Amino acid sequence: MDPYYIWISEVMLQQTQVDTVIPYYEKFITHYPTMHALAQAPQEEVLKHWEGLGYYSRARNLQAGVREVVENYDAQIPSDRKTLLNVKGIGPYTAGAILSIAYQKPEPAVDGNVMRVLSRIFQIDEDITKAKTRKTFEQLVYTLIPEDDASPFNQGLMELGALICKPKTPLCEACPLSHLCQARQAGKQTDYPVKSKKLKQKGIHYVAVVLQDDQGRYLIQQRPSEGLLAGFWEFPLQEISASTDEVLPSAEQFIEETFGTLSIKWSVCEETAQHIFSHLKWQLNVVQGKVLSGQVPSLQEKPMRWIAETELKDYPFPVPQQKIMKIARIAY
DNA sequence: GACGCGTGGCC
DNA sequence: TGGCCAAGCGT
């Protein structure tokens, strides 16, 4: 197996289900069949191919890592753990996956599946949400992994976790390891793995300002290069308090601050959208505005553009923005 | 070491 | 509906 393709697939599979990844993976390797192709691509184009897959820093870090390998290692992915771990976007899991699957080295690739399976078999009580716990499992895997069969061992362990040793309802009857599973013998399968609870998402209310100029073009702006949805384009968002009576005033204030006084015909959309992130919960109101003819708003030094509706498909938009477009009845 | 970082599926 | 879940990594 080509280590580069292993790398791409393992990065895509981080915190993401196989069925979701497959179409993205196929499209991605078609566009970027070699590390040189990915290294040379514009970052915004790479983001466009990652659009909808989530955790977009993975895409930026993957490209940054590929550029490192092309420049520093003559496009040969390192085959030792220490060097691999210094490559952007490659952590302990991905390093182990590349080493075992692509290079047949007996190295652990400990992910959530592996920790769930092993915590049940050996009744390990450490909290798997703690970063330190992964090392415990890596040490355990070193004692278990066969010298000459590391790839099937690692992949089999993950596959077992995904299909049989599932979080809620483990299929112990079908499990080939049930005879040596300590949690099973104690009847405590679902007590493992031990996991501390995570906090509830913080709610934030926004109004999305969908503005068209007198030529029918839309105003979009680019998010900062770091942080949530970094680098993506969006219809400008203004944070508001929970009360809906400040939806239109907030939109008007945004326009005032951006362009100064403008004559605009506004309409407030009845329909609202919600988007849940792992740590945030967005409530989205949508306001549409049309600049009355004869006025040509100029843009300040902000990362904003006026673009035609037909150009929207060329820009990467995250899912919450796609929901806004649906409410505003914009084809995308 | 704690926290920030997406999305879709499932019950 | 809301909470939980999924093949983690960078800061």
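Order of the sequence lines sets the chain letters (A, B, ...), proteins ahead of strands, with each chain counted from 1. All values below come from the heavy atoms of this structure, side chains included, with hydrogens, waters and symmetry mates left out. Not measured: the values here are computed from a predicted model.
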Any idea which of dG10(C), dG4(B), dC9(C) is nearest the Asn61(A) side chain?
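Of dG10(C), dG4(B), dC9(C), dG10(C) is nearest to the side chain of Asn61(A).
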Nucleotide of dG8(C), dC5(B), dA6(C) approaching Pro167(A) most closely (side-chain heavy atoms):
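Among dG8(C), dC5(B), dA6(C), the one nearest the side chain of Pro167(A) is dA6(C).
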Using a cut-off of 4.0 Å on non-hydrogen atoms, how would the nucleic acid contact of [X] be classed: base, sugar-phosphate, or nothing?
| X | answer |
| --- | --- |
| Lys200(A) | sugar-phosphate |
| Arg60(A) | nothing |
| Val114(A) | nothing |
| Ser9(A) | nothing |
| Lys195(A) | sugar-phosphate |

[X] has an atom [atom1]; how far is it from atom [atom2] of [N], in whole Å?
| X | N | atom1 | atom2 | result |
| --- | --- | --- | --- | --- |
| Glu226(A) | dG6(B) | CD | C1' | 18 Å |
| Asp111(A) | dC5(C) | CG | C1' | 13 Å |
| Ile204(A) | dG4(B) | CD1 | C1' | 12 Å |
| Leu228(A) | dG10(C) | CG | C1' | 15 Å |
| Arg116(A) | dC4(C) | CZ | C1' | 12 Å |
| Gln274(A) | dG6(B) | CD | P | 18 Å |
| Asp19(A) | dC5(C) | CG | C1' | 15 Å |
| Gln201(A) | dC5(C) | CD | P | 13 Å |

Arg58(A) side-chain N/O to dG10(C) phosphate OP1/OP2 under 4.0 Å
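No, because none of the side-chain N or O atoms of Arg58(A) sits under 4.0 Å from OP1 or OP2 of dG10(C).
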Presence of His279(A) side-chain N/O under 4.0 Å of dC5(B) phosphate oxygens OP1/OP2
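Checking dC5(B) against His279(A), a side-chain N or O does come within under 4.0 Å of OP1 or OP2.
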Are the aromatic ring centres of Phe277(A) and Trp282(A) under 6.0 angstrom apart?
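Phe277(A) vs Trp282(A): aromatic centres under 6.0 Å.
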Ring centres under 6.0 angstrom apart (Tyr55(A), Trp50(A))
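So the answer is no for these two rings.
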Could you please spell out the steps behind the salt bridge (Lys or Arg N to Asp or Glu O under 4.0 Å) verdict for Arg134(A) and Glu138(A)?
CA-CA 6 Å; Arg134(A) 195 202 63 252; Glu138(A) 285 176 349; 2.9 Å; yes
Considering only heavy atoms from C-beta outward, does the side chain of Ile101(A) approach that of Asn154(A) to under 4.5 Å?
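No, their side chains stay 4.5 Å or more apart.
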Kindly assign one of parallel, tilted or perpendicular to the pair His49(A) and His31(A), based on the angle between their ring planes and the thresholds 30° and 60°.
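Because their plane-to-plane angle lies in the 30° to 60° range, the rings of His49(A) and His31(A) count as tilted.
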Between Ser250(A) and Gln238(A), do the side chains contain an N or O donor and an N or O acceptor separated by less than 3.5 Å?
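Not at all, the side chains of Ser250(A) and Gln238(A) share no donor-acceptor pair under 3.5 Å.
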Is it the case that Ser241(A) and Glu246(A) place a side-chain donor and acceptor less than 3.5 Å from each other?
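On atom types as modelled, these side chains qualify, holding a pair under 3.5 Å.
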Distance between P atoms of dG6(B) and dT11(C) (Å, rounded)
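Looking at atom P only, dG6(B) and dT11(C) are 14 Å apart.
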Other than Leu144(A), which residues form its hydrophobic cluster under the rule that side-chain heavy atoms must be closer than 4.5 Å?
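Once heavy-atom contacts under 4.5 Å are chained together, Leu144(A) belongs with Tyr93(A), Val110(A), Val114(A), Met115(A), Val117(A), Leu118(A), Ile121(A), Phe122(A), Ile124(A), Ile128(A), Phe137(A), Leu140(A), Val141(A), Ile145(A), Phe153(A), Leu157(A), Met158(A), Leu160(A), Leu163(A), Ile164(A), Leu171(A), Leu177(A), Leu180(A).
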Return the polar atom pairs (N/O with N/O) between nucleotides 7-11 of chain B and the protein under 3.5 Å, or none.
unit_1	atom_1	unit_2	atom_2	d
dT7(B)	OP1	Tyr56(A)	OH	2.6
dT7(B)	OP1	Val319(A)	N	3.2
dT7(B)	OP2	His275(A)	NE2	3.0
dT7(B)	O3'	Gly52(A)	O	3.4

